[in-house]
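Here is the structure we will look at.
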Amino acid sequence: MATTRTTTNTLPASSSILLLLLLSASSVLADDPYRFFTWNVTYGDIWPMGVKQQGILINSQFPGPQIEAVTNDNVIINVFNSLPEPFLISWNGIQQRRSSWQDGVYGTNCPIPPGRNFTYVMQFKDQIGSFFYFPSLAFHKAAGAFGGIRVLSRPMIPVPFPPPAGDFTLLIGDWYKANHSSLRYMLDSGRDLPFPDGVLINGRGLSGNAFTVDQGRTYRFRICNVGLTTSLNIRFQGHTMKLVEVEGSHTLQNTYSSLDVHLAQCYSVLVTADQQPLDYYIVVSTRFTSKVLSTTAILHYSNSAGRPAGGPPGGPTIQIDWSFNQARSIRWNLTASGPRPNPQGSYHYGLVNTTRTIRLASSAPVINGKQRYAVNSVSFIPADTPLKVADFYKISGVFSLGSIPDSPTFGGGYLQTSVMAANFRDYVEIVFENYENTMQSWHIDGYSFWIVGMDGGQWSSASRKNYNLRDAVARCTVQVYPKSWSAIYMPLDNVGMWNVRSENWARQYLGQQFYLRVYSPANSWRDENPIPRNALLCGRAAGRRTRPL
Ligand SMILES: *[C@@H]1O[C@H](CO)[C@@H](O)[C@H](O)[C@H]1NC(C)=O
Ligand SMILES: *[C@@H]1O[C@H](CO)[C@@H](O)[C@H](O)[C@H]1NC(C)=O
Ligand SMILES: *[C@@H]1O[C@H](CO)[C@@H](O)[C@H](O)[C@H]1NC(C)=O
Ligand SMILES: *[C@@H]1O[C@H](CO)[C@@H](O)[C@H](O)[C@H]1NC(C)=O
Ligand SMILES: *[C@@H]1O[C@H](CO)[C@@H](O)[C@H](O)[C@H]1NC(C)=O
């Protein structure tokens, strides 16, 4: 087994031997490079808004360390949970092909108990682009433990723009001064979250960040919204942004003076330092909120003569049409390469007939006197055993297939461990319907999908006439505007148990999510990896064996 070893930090030889044991006989390909990480997750003091808070740190960092990898790399992350409570990390946008075992949400993985560790063994198969990881349990995301993931193209694959002079990650998000346990307590007791206290850029809310650039050169900025409740807008004073990539797809290179970034979305833009040598504001502000929160960072020319001229530039606030138009302008560059050297548009997603339509309506029912959130009237409650694990061991009574309908019922809300059955190789159309007056953002684990349409009002089969079946962008998160719908096409080419969730974190926490079980009757390792040998087992699966070495 010939392995190129790209060691990010040193590990004792015994761990590597153990790793080879873990990997042997699994379908992770040995020829692709390995990157090893060891992460220690702890509580620690942070001061994002100038006051001390308890944050969740990874290797003492807030935000957590960035993962930098290349298409097809094997990424091995040994996570030590030094919190006094269970913990899991999930990888937003990493497709985990054939391996929902590594997805790190409670429907697929047993939590890492306090004082224990779990090694995620992932391959960033056939992916490029900008993503992030986040803690998936409880309300940990409100305390940190998130970080950027960048998957670079392999050296021989053409990238549709010249190599930038620098590559920066901007993790932007709303923030609360209350700690994650207080926020969770509010939700558990049936109350809504208050309005956030501020907006952070890379963990700082008080303009602490400066990004140094050389005049005349071009830089890539990867911008992800890792916040909990609000869409954001970003702009660079005196500069424009050329959009080049969205969650793994190279886009038409349109130029924008400001860009909306909805919850859990990631965008890459190129910014050329083509102005007078000064400092310039980078502004991030909340969208569609009556009170506007904002924060700034500095774009600092290395030969800067001084402070920014004028104040931070204003941006759009409540304008929805503006945002709709911008969303529709974001399209796939059909002639650019993706993770492979062939053009992205060589797969004609629009010429394949869909085999099933799933309509998902979000709602906010009160159930048993408490505020909950639902999809097709079902508000998800976790089972005592991860669904994937229960499925593998055929433990009955944990969930039932068909526990969420394919279309809105508009009936009263109810609690259920909702799992939707789907067949491997089906080609589905999913319509996210929003009858509420709030902004939505939806994410599907394990997949990238084409956003074929979005519009105001109610979706009907006639809405298909206006679908973009030519150059819609493929990504893993889609926003749905108030009283509007968004439609996607998604080929079910990845067997597993996949989380479909609202990225509004209070809604996700209070039940606006479910699992899509993509099933292949072949039951073959070609379609799905076997349970990892190191899988943690809990609930009704506690004490079972994974598989012999
Ligand atoms: C993690 O950090 C804590 C606090 O610094 C330390 O006590 C513990 O030994 C560390 N664990 C590992 C596995 O490095
Ligand atoms: C925990 O870490 C050790 C190495 O320190 C490793 O041998 C072991 O496999 C890890 N446990 C899991 C469940 O991944
Ligand atoms: C699309 O990608 C091609 C190939 O790299 C590039 O030459 C072209 O400029 C891009 N087109 C647009 C409109 O961005
Ligand atoms: C969170 O905040 C509450 C209220 O201020 C406090 O009682 C609690 O100890 C804090 N929890 C942690 C883990 O910091
Ligand atoms: C899609 O469906 C239409 C109408 O039923 C049919 O005419 C067409 O041949 C189908 N296309 C493919 C690629 O199967």
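Source: prediction; values computed, not measured. Order of appearance sets the numbers: ligands from 1, and atoms from 1 within every ligand.
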R501: which residues meet the salt bridge (charged side-chain N to carboxylate O under 4.0 Å, His left out) condition with it, sequence neighbours left out? D445, E503
With a 4.0 Å heavy-atom cut-off (strictly under), which part of N333 contacts ligand 3: side chain, backbone, both or neither? side chain
Closer than 4.0 Å to some heavy atom of Q253 - which atoms of ligand 3 meet that? 12 (C), 14 (O)
First locate atom CZ of R184, then atom CG of N179, and finally report the distance between them rounded to the nearest 0.5 Å. 11.5 Å
Could you pull out all residues at least two apart from R204 that satisfy salt bridge (charged side-chain N to carboxylate O under 4.0 Å, His left out)? none
Which residue pairs pass the salt bridge (charged side-chain N to carboxylate O under 4.0 Å, His left out) test when at least one of the two sits in residues 47-68, sequence neighbours left out? D45-K52, E68-R150
Taking ring pair (Phe, Tyr, Trp, His ring centres under 6.0 Å) as the criterion, tell me which of Y120, F146, W39 meets it with Y133. W39
Would you say the rings of Y267 and H262 are close, in the sense that their centroids are separated by under 6.0 Å? no
Tell me whether the centres of the aromatic rings in Y176 and W505 are closer together than 6.0 Å. no
Among F449, Y427, Y447, W450, the one residue meeting ring pair (Phe, Tyr, Trp, His ring centres under 6.0 Å) with Y489: Y427
At a 4.0 Å threshold, what atoms of ligand 3 neighbour a non-hydrogen atom of P160? 2 (O), 5 (O)
Those atoms of ligand 3 less than 4.0 Å from some heavy atom in L252: 13 (C), 14 (O)
Under a 4.0 Å heavy-atom cut-off, what residues line ligand 1? N40, T42, F80, S82
Centre-to-centre under 6.0 Å for Y515 and F399, is that the case here? no
Numbered atoms of ligand 2 (with element) below 4.0 Å of T119, judged on heavy atoms: 10 (C), 12 (C), 14 (O)
A336: numbered ligand 3 atoms lying under 4.0 Å from its heavy atoms: 2 (O)
